[in-house]
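Worksheet: one structure, shown below.
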Amino acid sequence: MAYDHRKIEEDAQKKWEATKLYRAQEDKKKPKKYVLDMFPYPSGEGLHVGHPKGYIATDIYSRFSRMRGYSVLHPMGWDAFGLPAENFAIKHKVHPREAVKRNIANFKAQLAHIGFDYDWSREIQTTDPRYYHWTQWIFLKMLEHGLAFQSDEPINWCPSCKTGLANEDLDGTACERCGTPVEKKKLPQWVLKITDYADRMLADLDTLDWPEHIKEAQRNWIGRSEGAELGFPLVGRDEKIMVFTTRPDTLYGATYLVLAPEHPLVSTLTAEARNAKEVRTYVAAAAKKTEVERGAEGKEKTGVRLESIMAVNPATKEEVPIFVADYVLSSYGTGAIMAVPAHDERDFDFAQKFNLPMRQVIQSGEDCYTGSGRLIHSGAFTGQDNETAKLAITESVGGRKVVRYKLHDWVFSRQRYWGEPIPVIHCAQCGVVPVPYEDLPVTLPEVDHYEPTGTGESPLAAIDSWVHTTCPKCGGAGKRETNTMPQWAGSSWYYLRFMDPENDHELVSSAAEKYWAPVDVYVGGDHAVRHLIYARFWHKFLYDIGVVSTSEPFARLEFLGFILAEDGRKMSKRFGNVINPDEVVAAYGADAFRTYEMFMGPFENTVAWSTDSIAGTARFIERVWNMQEKVIDEAHAALEPLLHKTIKKVSSDIEAFKFNTAVSQMMIFLNAVEKESAIGKRQMKIFLQLLAPFAPHVTEALWERIEAEGSIHLSKWPTYDESLIATQTVTLAVQINGKRRGEVRLAPDASKDDALAAARAIPAINNALSAGAPTRVIYVPGRILNIVV
RNA sequence: GGGCGAGUGGCGGAAUUGGUAUACGCGCAUGGCUUAGGACCAUGUUCCGAAAGGAUUGAGGGUUCGAGUCCCUCCUCGCCCACCA
């Protein structure tokens, strides 16, 4: 019978559906595996062939785990709040809720063709009030614990998206979504104190089974640095300029100070400077430039001196000049630095340009030396090692040791419609009053216009009937907060909701949480920094308040490489190079599609799609189908060693996410079966089981055809016998002086003398041996015989 | 500039972690089957060479009986961060 993938897929999917095969169940008698994909954003463009790659991997892993006797949770849901959904809705003139509904239906239909084992009874979406009830609940808990606060510090504002953004939402200094350079804007904002968790997030990275480069990206983003805050008194004023430095050991070499143009002291000092006008011009020019523009001018430093104003180096007591320069960032440290041109390259460049004095304080032969060494010209500290003197120098001038982070607190307000309302009420009498827990969720009201206003207020502010409410505390007039939460809110805890999706009384029941937590394997690409930092932060907070029992949400992380278009570019509508999985599945079948994506290369590699190559896996699946003609009743002994080797390799490869080599091992086995023209029924069953996670449909159909019981996907994963992998004879390479000269076949446990004797049959070896006794003979049984002459 | 990672056939890639380099697949070539095939089957396919043989894992050096794998120097590419004091 010819292979008809359409019919086979349809039948198998119907069978799974009818028997509710993939329902996740808390079964105390079984160990559990929680396997999770980073859930998708249901965009209007639908899936391209790159999207399912990670889903196929988790599908294989979860099917494999189920067959190995685990109780499996493999759910799917939708991250549907946020700008893309809202922009799509605005563009197509539909309500975002409708747009999301439509997009999700489209995504689900596309996924259905591929044959995943998701437990759809647990499907969730972040835009469901039953879900965002608990997103709001977490916010209120943070407020209660002092981790959410209001601030009117200037924030990043995207003039095109018309909303404030967190640092994490920037690509350099442009909005990562639309590329528009961001501006600084003063707006009252809700901010989450993520920095309180910086040290723990850093330390706990060591406990995680994550790829090293992801951990490193997290470390870079948190950007912890230890240093000192030192005060430089201003001459003739009762005030100090505080600087942050990681090199207090070079204090004796600090010959001038530099303030960022945005530093709070700049305006008052400017007024007193002899060249006030010049300084104002510089500051105004710097304000106009974005940080990208400042950086784009390369290492060419600009700046202006605050003439007639001096500060005192607290160590040398010398007076030092003060500059304003935009190479100093206002957002890091104190916004002011002490400049040590002899031991810092940026200060060196600046000092050269402005002809400023340099003083060496660490012994070296270089003009600008940034390494360690022995201190010189450093008063009482001269002669000491610079590293050990750091603390003493800091304390000698009344400074203190401080830790600074690049990570900033999380700007949490968005001036957009399509997000979770922030559940607080502003009351003239009582100030900020949280919405009582029993009044959650605060649902998103209907509006006429959900386009952003650009005024700094969200479209919600225009709905009087919604905004005006009573204060829960005093009963007087109150106004609702009209900002919404950022897109990352809903995705920061969804993995907990999957454990207990119908529970409307609590975030997650402790029974469900204790059974399923943590996520055993989390799979995704992108979002390596933002999503993972936010989710870890929320999780640690929930751990602290006793909601979850583990200190980290994702025990193991597998990072996936993307699939590029055939032309090597990113797949995009813009380039017209998008390949739709629907078409691939229709042409080659879901099993061939799944197997191909896993066979393309190592899972973490980015590889270009190749329509030529998928034909290879399609052939493979069809040849598997044709194997049924070669099935005989009794086992075919010649296949046995290879079969056991294949069980071993496929099992360990799936566990390690090395799907490409698992597939090639099964191809090797198939080649052998075709060569032998026979396979025993029991052997066939085992082979089908190994292939089942990759090609669930064709294996299910063949499983039925060879009259095996039930569904192959609930059958017990085969085990292998190491002793059966060993073959009767092995091929041993024979070398002379490390050069291969031939090979012999002999028993794997043959003695050295036997091996040597066998090797004499090779003329080249015999010649070499008859010339004289070998100096040395290295024999590794089953591997190599190397004769040194 | 800093950090991380990688360089293996025409292409995607494999290599039991120091033991027959180029598995598996694509592509290509030759033949078969076919009215035809971009379907299927068989054989071959790292390079040079008719062959014998030789060379070969970015380049060069080292350790070792033996190096794609370990060490040193250099080159190239990718990703992340980037005037972070």
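Lettering follows sequence order; numbering is per chain, from 1.
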When both hydrogen-bonding distances must be under 3.5 Å and the geometry is Watson-Crick or G-U wobble, what is [N] paired with, if anything?
| N | answer |
| --- | --- |
| B:rA39 | none |
| B:rA15 | none |
| B:rU63 | none |
| B:rG44 | B:rC28 |
| B:rU69 | none |
| B:rG78 | B:rC4 |
| B:rA23 | none |
| B:rA50 | none |

Kindly point out which of [options] is positioned nearest to the side chain of [X]?
| X | options | result |
| --- | --- | --- |
| A:Asn660 | B:rA14, B:rG27, B:rG25 | B:rA14 |
| A:Val780 | B:rC26, B:rG19, B:rA85 | B:rG19 |
| A:Leu329 | B:rG13, B:rA85, B:rC24 | B:rA85 |
| A:Thr731 | B:rC81, B:rU20, B:rG25 | B:rU20 |
| A:Arg619 | B:rG25, B:rC26, B:rG3 | B:rC26 |
| A:Ala733 | B:rU20, B:rC24, B:rG19 | B:rU20 |
| A:Ile337 | B:rA85, B:rG13, B:rG19 | B:rA85 |
| A:Asn786 | B:rG66, B:rC80, B:rC24 | B:rG66 |
| A:Glu216 | B:rG3, B:rA85, B:rG25 | B:rG3 |
| A:His213 | B:rG19, B:rC4, B:rA85 | B:rC4 |

Of A:Met338 and A:Ile778, the one whose closest nucleotide on RNA chain B sits nearer the 5' end is A:Ile778
Between A:Glu345 and A:Gly782, which residue's closest nucleotide on RNA chain B lies nearer the 5′ terminus? A:Glu345
Check the distance between [N]'s [atom2] and [X]'s [atom1] and give it to me in whole angstrom.
| X | N | atom1 | atom2 | result |
| --- | --- | --- | --- | --- |
| A:Glu597 | B:rG12 | CD | C1' | 14 Å |
| A:Ile668 | B:rA23 | CD1 | P | 10 Å |
| A:Asp653 | B:rA14 | CG | C1' | 11 Å |
| A:Lys406 | B:rA82 | NZ | P | 5 Å |
| A:Arg741 | B:rG66 | CZ | C1' | 14 Å |
| A:Tyr779 | B:rG18 | OH | P | 21 Å |
| A:Leu691 | B:rC24 | CG | P | 18 Å |
| A:Arg783 | B:rC65 | CZ | C1' | 17 Å |

Taking the [atom1] atom in each of [N] and [M], what is the distance between them to the nearest angstrom?
| N | M | atom1 | value |
| --- | --- | --- | --- |
| B:rU45 | B:rU22 | P | 12 Å |
| B:rA15 | B:rU56 | P | 23 Å |
| B:rG37 | B:rU30 | P | 13 Å |
| B:rA23 | B:rG13 | P | 16 Å |
| B:rU8 | B:rA21 | C1' | 8 Å |
| B:rG9 | B:rG27 | C1' | 12 Å |
| B:rG66 | B:rG18 | C1' | 8 Å |
| B:rG54 | B:rC4 | C1' | 40 Å |

Ignoring hydrogens and angles, tell me if any N or O in the side chain of [X] forms a donor-acceptor pair with the backbone of [Y] under 3.5 Å.
| X | Y | result |
| --- | --- | --- |
| A:Thr316 | A:Tyr252 | no |
| A:His343 | A:Thr370 | no |
| A:Asn386 | A:Leu375 | no |

Do [X] and [Y] have side-chain heavy atoms sitting under 4.5 Å apart?
| X | Y | value |
| --- | --- | --- |
| A:Val734 | A:Arg741 | no |
| A:Arg536 | A:Leu205 | yes |
| A:Tyr282 | A:Asp326 | yes |

Using a heavy-atom cut-off of under 4.0 Å over every strand shown, decide if [X] touches base, sugar-phosphate, or nothing.
| X | result |
| --- | --- |
| A:Asp347 | nothing |
| A:Ser664 | base |
| A:Ser610 | nothing |
| A:Thr617 | nothing |

May I ask you to evaluate whether A:Tyr327 reaches the phosphate of B:rA85, defined as a side-chain N or O under 4.0 Å from OP1 or OP2? no
Can you tell me if A:Arg740 touches the phosphate of B:rU20, counting only side-chain N or O atoms and a distance under 4.0 Å to OP1 or OP2? no
Check for me whether the distance between the ring centres of A:Phe620 and A:Phe599 falls short of 6.0 Å. no
Measure from NZ or CZ of A:Lys645 to the centre of the six-membered ring of A:Phe669 and say whether it is under 6.0 Å with the direction within 45° of the ring axis. no
Would you mind calling B:rG5 syn or anti? Take O4'-C1'-N9-C4 for purines or O4'-C1'-N1-C2 for pyrimidines, and syn is within 90° of 0. anti
Where the chi angle of B:rU63 falls, syn if within 90° of 0 and anti if not: anti
Derivation of the side chain to side chain contact (heavy atoms under 4.5 Å, CB included) call for A:Val49 and A:Met571: CA-CA 9 Å; A:Val49 290; A:Met571 252 182 230; 3.3 Å; yes
